[in-house]
**Q** 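Below is the structure I would like to discuss, written out as structure tokens.
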Amino acid sequence: MRLIFFLPLLLLCSCAHQTGNTQKLQSQVDSLSNKLAHSYKPGFGDFMLGIQVHHAKIWYAGNAQNWPLVQFELKEIKEALDGIKEFCTDRPEVSSLNMMDGPLDSLANSAKNKDLTSFKNNFIQLTNKCNSCHQITKHEFNVIKLPDSPPYSNQEFKVK
Ligand code: HEC
């Protein structure tokens, strides 16, 4: 008799407990989604600033025939391009990024073959690609050229 009285009450309690848990989880999910939406994500321009520095360093490293440094800086550019693909998915310009693959591979070959003449030619090809993309993506006012002076005074480009 008593059991018949308590059983529905017990079920009701456990149901209410479940609902409480779901609400708690939902509010945790909401708070995490909110945090994620407002967390810092590097923008296209942030990656480009990095690429600009690596571009200049490649020029000084290559002219000093510091081939390991050229390879390292090329890898950094590739990583930045991967970063754009990962973090800037809302930017239509992402679809033009693969135009960099050819010139980057050619430069890597010049470094591998320690070939200064082909390095210089391929560097000009790479720079032209930077500008073609800026043109097709309506950022033609960002004009990239061969650097006149090293990007930083505190880095040695010559081989030790
Ligand atoms: C896929 C197309 C594409 C390629 C390839 C590309 N860029 Fe860009 N670049 C852009 C876009 C788009 C912007 C504008 C980014 C923004 O909205 O902030 C930009 C901006 C820049 C800026 C301005 C950044 C600033 O805040 O002052 C520099 C510098 C730059 N790019 C350098 C380069 C260099 C150097 C290369 C080649 C090694 C290169 N870019 C290749 C698309 C490209």
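Indexing begins at 1, ligand by ligand and atom by atom, following the structure's order.
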**Q** Is it the case that the side chains of Gln26 and Asp30 hold a donor-acceptor pair, with the cut-off being a distance below 3.5 Å and no angle test?
**A**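 Indeed, the side chains of Asp30 and Gln26 share at least one donor-acceptor pair under 3.5 Å.
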
**Q** Can you pull out the closest protein heavy atom to atom 25 (C) of ligand 1? Residue, atom name and distance to 0.1 Å, please.
**A** Leu49 CD2, 3.8 Å

**Q** Does a side-chain N-to-carboxylate-O contact under 4.0 Å join Asp105 and Lys78?
**A**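 Between Lys78 and Asp105 there is a salt bridge, with a charged N closer than 4.0 Å to a carboxylate O.
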
**Q** Does one hydrophobic cluster hold both Leu49 and Tyr60, with members joined at side-chain heavy-atom distances below 4.5 Å?
**A** no

**Q** Can you confirm whether more than 12 heavy atoms, excluding those of Lys112, are under 6.0 Å from its NZ atom?
**A**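 No, NZ of Lys112 has 12 or fewer neighbouring heavy atoms, counting only those of other groups under 6.0 Å.
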
**Q** Can you sort out the partners of Glu93 under salt bridge (charged side-chain N to carboxylate O under 4.0 Å, His left out), two or more places apart, ordered by chain and number?
**A** Arg91

**Q** So for ligand 1, is Arg91 a polar contact partner (N or O within less than 3.5 Å, distance only)?
**A** yes

**Q** Is the closest side-chain donor-acceptor distance between Gln65 and Lys114 under 3.5 Å?
**A**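 Lys114 and Gln65 do not have a side-chain donor-acceptor pair below 3.5 Å.
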
**Q** Give the numbers and elements of all ligand 1 atoms closer than 4.0 Å to a heavy atom of Met100.
**A**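 Those qualifying, in numeric order: 5 (C), 37 (C), 38 (C).
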
**Q** Taking 2.8 Å as the upper limit, name the protein N, O or S atoms near atom 8 (Fe) of ligand 1.
**A** Met48 SD, His134 NE2

**Q** Tell me every residue that passes ring-ring contact (aromatic ring centres under 6.0 Å, His included) with Phe141, counting only those two or more places apart in sequence or in another chain.
**A**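 For Phe141 the ring-ring contact (aromatic ring centres under 6.0 Å, His included) partners, ignoring immediate neighbours, are His139.
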
**Q** Has His54 got any heavy atom lying under 4.0 angstrom from an atom of ligand 1?
**A**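 No.
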
**Q** Short list, please: which atoms of ligand 1 are under 4.0 Å from a heavy atom of Glu93?
**A** 1 (C), 12 (C)

**Q** Identify the heavy atoms of Ala108 and Gln71 that sit nearest to each other, and give their distance.
**A** O-NE2, 3.7 Å

**Q** Just which atoms of ligand 1 are under 4.0 Å from any heavy atom in Ser96?
**A**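 What qualifies from ligand 1 is 1 (C).
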
**Q** Quick one: do the Ser110 and Asn122 side chains pair a donor with an acceptor below 3.5 Å?
**A**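 Note: Ser110 and Asn122 side chains meet the donor-acceptor criterion.
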
**Q** In chain order, what residues pass the salt bridge (charged side-chain N to carboxylate O under 4.0 Å, His left out) check against Glu156, with sequence neighbours excluded?
**A**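 So Glu156 forms a salt bridge (charged side-chain N to carboxylate O under 4.0 Å, His left out) with Lys158.
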
**Q** Can you report which non-hydrogen protein atom sits closest to atom 11 (C) of ligand 1, along with the distance?
**A**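 Scanning the protein heavy atoms, the shortest distance from atom 11 (C) of ligand 1 goes to Phe44 CE2, 3.7 Å.
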
**Q** Gly45 heavy atoms, cut-off 4.0 Å: which ligand 1 atoms fall inside?
**A** 15 (C), 16 (C), 18 (O)

